[in-house]
Amino acid sequence: MTKSRRPAHWLMKTEPETFSIDDLARVKVEPWTGVRNYQARNLMRDQMQVGDRVLFYHSNAEPSGVAGLATIHRTGVVDETQFDPASPYHDPASRRDEPRWICVDVAFEHKLPRLIPLAELREVPALADMVLLRKGSRLSVQPVTPAEYALIVKLATKPAPTPAASRASRTTARR
DNA sequence: GCCAACGTTGGC
DNA sequence: GCCAACGTTGGC
């Protein structure tokens with residue numbers, strides 16, 4: 001029995017050449033397979049709940065950044081790639097009766113009006129504590145605060161800052 | 001392509 | 001349990 005709570009917020013990374021926001025838009029729901037990091041797995045397995053909100057992040061991209069929104073559609077999903085010898089994510093040590101890699105189904109919500117590049121996120125003082133922006137942080141599944149989530153959604157409705165505007169706002173902010 | 005930072009593996 | 005070597009992530 002799990003105590004009910006407000007939806008939590010997450011950021012999930014994917015390389016768009018492998019699986020992009022447009023791919024998710026097409027298939028609607030996708031099992032988040034291939035995560036082979038225990039910390040990321042534990043967040044999916046133990047913390048995520050149906051209805052939680054997700055920032056869908058493109059990594060290793062040009063540019064990398066937040067591309068869209070998704071929701072957690074189902075939890076406790078067995079990552080089938082661990083049992084597939086042909087998969088790059090095959091885990092020969094994992095057993096059917098005790099699967100090591102548990103993930104979630106992620107459902108498409110919408111694409112952001114524009115992609116928010118990583119460099120732009122770094123310019124926003126209120127986002128300075130995001131896990132994504134911490135030095136050396138490379139968790140592919142990570143928590144986001146409600147405020148961070150709301151701010152990024154709001155940023156996406158505004159035009160991309162020009163380099164000059166970006167410099168000006170930084171100068172203003174320092175004042 | 002480079003490389004910093006991190007995680008995992010395995011010898012001892 | 002320590003830690004060096006190795007592999008991976010992911011920005012640039």
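Letters A, B, ... mirror the listed sequences (proteins, then strands); counts begin at 1. Hydrogens, waters and symmetry mates play no part in the numbers below; they use all other heavy atoms, side chains included.
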Distance check: side-chain N/O of A:Tyr38 vs OP1/OP2 of B:dC6, anything under 4.0 Å? no
Atom-pair distance (CZ on A:Arg41; P on B:dT8), nearest Å: 10 Å
When rounded to whole Å, the CG to P distance for the pair A:Asn37 and B:dT8 reads 6 Å
Integer-rounded Å distance: B:dT8 C1' and A:Tyr89 OH: 17 Å
Between C:dT8 (C1') and A:Lys13 (NZ): distance, integer Å: 12 Å
Atom-to-atom span, CD of A:Gln39 to P of B:dA5 - whole angstrom: 18 Å
Can you tell me if the side-chain N/O atoms of A:Arg134 get under 4.0 Å from OP1 or OP2 in B:dC6? no
Between A:Lys135 and B:dA5, does any side-chain N or O lie under 4.0 Å from OP1 or OP2? yes
For residues A:Ser59 and A:Glu15, is any side-chain donor paired with an opposing acceptor at under 3.5 Å? no
Please work out whether the ring planes of A:Phe56 and A:Phe19 are parallel, tilted or perpendicular, with thresholds of 30° and 60°. tilted
Between the side chains of A:Asp84 and A:Thr81, is a donor N or O closer than 3.5 angstrom to an acceptor N or O? no
So that I know where these two stand, are A:Trp10 and A:Tyr57 an aromatic pair - ring centroids less than 6.0 Å apart? no
A:Asp91 CG - C:dT8 P separation (whole Å): 14 Å
Give the rounded distance in Å between these two atoms: CZ of A:Arg36 and C1' of B:dT9. 17 Å
From CG of A:Leu132 over to C1' of B:dC6, roughly how many Å is that when rounded to an integer? 16 Å
Is there a donor and acceptor pair closer than 3.5 Å between the side chain of A:Arg138 and the base of C:dT8? yes
